[in-house]
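See below for the structure under consideration.
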Amino acid sequence: MSETLLEIKGLSKSYPGVKANDNVSFTIQQGEIHALLGENGAGKSTLVKMIYGLVHPDEGDMVLHGKHYMPHKPSEARNLGVGMVFQHFSLFEALNVAENITLGMEHAPPRAELAVRIREVSNAYGLPLDPDRLIGDLSVGERQRVEIVRCLLQNPKLLIMDEPTSVLTPQEVDTLFLTLRKLSSEGVAILYISHKLDEIKTLCDHATVLRHGKVVDTCIPAEETARSMAEMMIGGELSMPTAREFTPGDTLLELNNLSLASLDPFGTSLTNVSLTLRAGEVMGVAGVAGNGQDELLLALSGERTTDSDMIKLKGVSLGGMGPTTRRALGLLAAPEERLGHAAAPDMSLTENAFLSARIRQKLEKSGFTLRNKRDDFTREIIEKFDVRTPGISNAARSLSGGNLQKFVIGREVLQQPTVLVVNQPTWGVDAAAAADIREALRTLAAEGAAVLVISQDLDELMEMSDTFAVLAEGRLSKPRSAVGLNVEEIGLMMGGNLEESANA
Amino acid sequence: MLRLEPRQQASSTMRWLTPILAVAITMFMGGLLFAAMGKNPFEAIRIIFLDPFFHETFGPYSRSQLMVKAGPLILIATGLSIGFRAGVWNIGAEGQFVMGAIAGGAVGLALHPADGFWVLPLMTVVGAIGGMAWAMIPALLRIKFNTNEILVSLMLVYVAYNFLAAMVTGPLKNPDGFGFPESRSFTSVDSTHLPMIYEPLGMHAGVLVALGIVIAAYVMMERHLLGFQIRLTGESPRAAKFAGVNPAFIVAVCLGISGALAGMAGLFEVTGPAGKLTTNFPVGYGFTAIIVAFLGRLNPIGIVLAGLLMALTYIGGELAQLSLGIPAAAISVFQGMMLFFLLAVDVFVNYRLVWKKEVK
């Protein structure tokens, strides 16, 4: 139990514009369940990809079983006893369990022998699987079993699990935990990635906390509270907002028990989301990605429709209306994904301006594009939002992330919306552009509109918001004033612990 | 290891040069093919590409066939290109072509021997509706049940062929035709005979309509909201939804337009060059038009040029069959090569080939 299995020494990895991992060091003992804790974007995925050989570090070293370890590809890692179960499975629905497992193995045994082994291993670990069933007929939990069994067949010494419970029912989680504990008792180490603090507290022996790519803390989860771990994750240096001049005006947007089933098997359905947004207000919606943010944006942009009364703009029920009508009425949105959702990558900036602005800016007449007016509006966006581009006919794809984001936000802001909903407005944007975007959104609110900012960047939300709420597992906490919020409260709300925070 | 890397920005000059390059490579590889068959490649290529214009004896007839053949190709390809730009793959234009000819033709036959300038326009409209209705089958199945329109539209071609056979041996059979499986002649009655406008180039009224539609399609795609929505759907379906485009509407419009134009082409064919409905009436224009649409870069102007080029290979191919004894299949291969090389050249315009060691 006390013998060191894997030692990670000073791993660093940079991507253009961001240092994903910065001098990360920690050790994993044999047979321990080690949690890797951190917010989205803290560098957890990059780190495990380096351990699994999918990404090569810029600097640093790893030692496995006392020997230098630096896999160049996953098969190398697997041969040395490192297995990984991804959050998103790589299984072929039209093939059966045994066939899928064969595909992942370098030296697959004969089919009959493999089927026997699958039965043995899966039963031994409480994950019963029928090798002949089609993947397409399995539940999500069962599919995960296939991935786990695929790893176990190779006798791993270290099993990496990337947010394994995000797709499981509570019962399936219990089963999984039993399996993981059994593996651990047999000496298999598990590196467990999650941001669900309760799980880590019950399951893990040690935890390493990452923030902005650096190891900021280590702890023994059993000795911590969810609250104290949340603080480590978010960091104590969060700048708290000072009281701001904010006198709420008339109610502009109302959500009444908005519920929407997710179409994505990995998505989160919205359950009874209610809020009131008033003129002049910027409301920040925090939460870890995948907790219903995308669904909330789709429900508000009109790409998904709901019961009519669930969404009201200035008293008009528009839950059943599509994007065009909502825009005409003044409810605008800027989705998170710039290329492919907010903008068409291969179309010019002028056409992308036309895409969302044609109605409010009256860029067409009886169906025909008013090209001069459209081009003028495009130039206005470029000038007022300092979009760096050679010209208005350049394709959206040719702009840098920050410039395109300024274009997308500018396009919506300049249409003078009544309510603007933005998802991750400064994601992957450089600091200067991010500051400009935040400034523009604040100004928009100051001029009497209401802005709903969905973001995972707490610093950003603290800087911008008048009111604050957390979206966790598709439910929205009761919005409250952002003034006087402290890190502990936010941390708890983010962990999905809504009741406790409501009582606090 | 060899791998393809996407180019930052594909050169727009190259995008326009690719069809020419593709034709050049096709000439070269086609020449090799003909040489392998023991024919003189230079003579074969000359016969296919030049003789239709300049040959002393065949020239005049060949020239008069040029637009007769290019017309339906251009008309059908224009419709198909609209759908292709939205990612709606109508592969069954051939069936819509046949159904248009049957529907419009049936009106003419029912009115026989009515006289009047309105007969042909009425037949044209009904022909377009017939083609459109046939194309709405894959459209509705895709919208309602998410079926694949490629398969459904393609399979419906063969249904249309059999329907045609049933019609010309049944309800639409010429009562004075001694039992032959064919309809009355449309060209023998003035009111159902598609007028020829310029004989030496084979320009009948249908070709003129086709050119008008090419212009209308260009305006729609470049200037009109519907064209924008169609292009947006093809470029980025999610951005289209964000813009408020209804995907089902786009599927219906694209299949509807391409079906209507194919049906119209069928009607022009049966009231003009073909003259009557027979089981031999379909000659594959609906399939060749797919090549024409891509060869023309899904652009209306490009399609006119591609249609003429494709018509040329048809006519030249026939000459080559006559004078060199090159089998018809070889000519089909030759035409197929053109699409193949176009797509291949396209890959190299958008990607570059690099030699890389396999290390991350």
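Note on naming: letters A, B, ... go to the chains in the order of the sequence lines (proteins, then strands), and numbering restarts at 1 for each one. Hydrogens, waters and symmetry mates play no part in the numbers below; they use all other heavy atoms, side chains included.
Remark: Arg327(A) qualifies as a cation-pi partner of Phe242(B) under the 6.0 Å distance and 45° angle criteria applied to the six-membered ring.
Scanning residues 222-232 of chain B against chain A with a 4.5 Å non-hydrogen threshold yields Glu222(B), Arg223(B), His224(B), Leu225(B), Phe228(B), Gln229(B), Arg231(B), Leu232(B), sorted by number. Using a 4.5 Å heavy-atom cut-off against chain A, no residue of residues 129-137 of chain B qualifies as contacting. Near-neighbour residues of residues 336-347 of chain B relative to chain A, defined by a heavy atom under 4.5 Å from a heavy atom of that chain, are none.
For the set Glu364(A), Arg358(A), His341(A), the count of heavy-atom pairs under 4.5 angstrom toward chain B peaks at His341(A). In terms of heavy-atom pairs under 4.5 angstrom with chain A, the leader among Gly244(B), Ser236(B), Ala239(B), Ala240(B) is Ala239(B). When Arg326(A), Met347(A), Glu337(A) are compared by the number of non-hydrogen pairs under 4.5 Å with chain B, Met347(A) comes out ahead. Taking chain B as the reference chain and counting heavy-atom pairs below 4.5 Å, the highest number among Ile359(A), Leu339(A), Leu370(A), Asp346(A) is found for Asp346(A). Listed options Leu363(A), Leu298(A), Thr369(A), Leu355(A) were ranked by heavy-atom pairs under 4.5 angstrom with chain B; first place goes to Leu355(A). Among the candidates Ser301(A), Ser366(A), Pro335(A), the residue making the largest number of heavy-atom pairs closer than 4.5 Å to chain B is Pro335(A).
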Report all side-chain donor-acceptor pairs from residues 74-85 of chain B shorter than 3.5 Å, counting only partners two or more places apart or in another chain.
{"residue": "Thr78(B)", "atom": "OG1", "partner": "Ile74(B)", "partner atom": "O", "Å": "2.6"}
{"residue": "Ser81(B)", "atom": "OG", "partner": "Ala77(B)", "partner atom": "O", "Å": "3.4"}
{"residue": "Ser81(B)", "atom": "OG", "partner": "Thr78(B)", "partner atom": "O", "Å": "2.7"}

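Here the CG-CD distance, from Asn352(A) to Glu235(B), works out to 9.0 Å after rounding to the nearest 0.5 Å.
When all heavy atoms are compared, the tightest approach of Arg238(B) to Glu303(A) is O-OE1, 4.0 Å.
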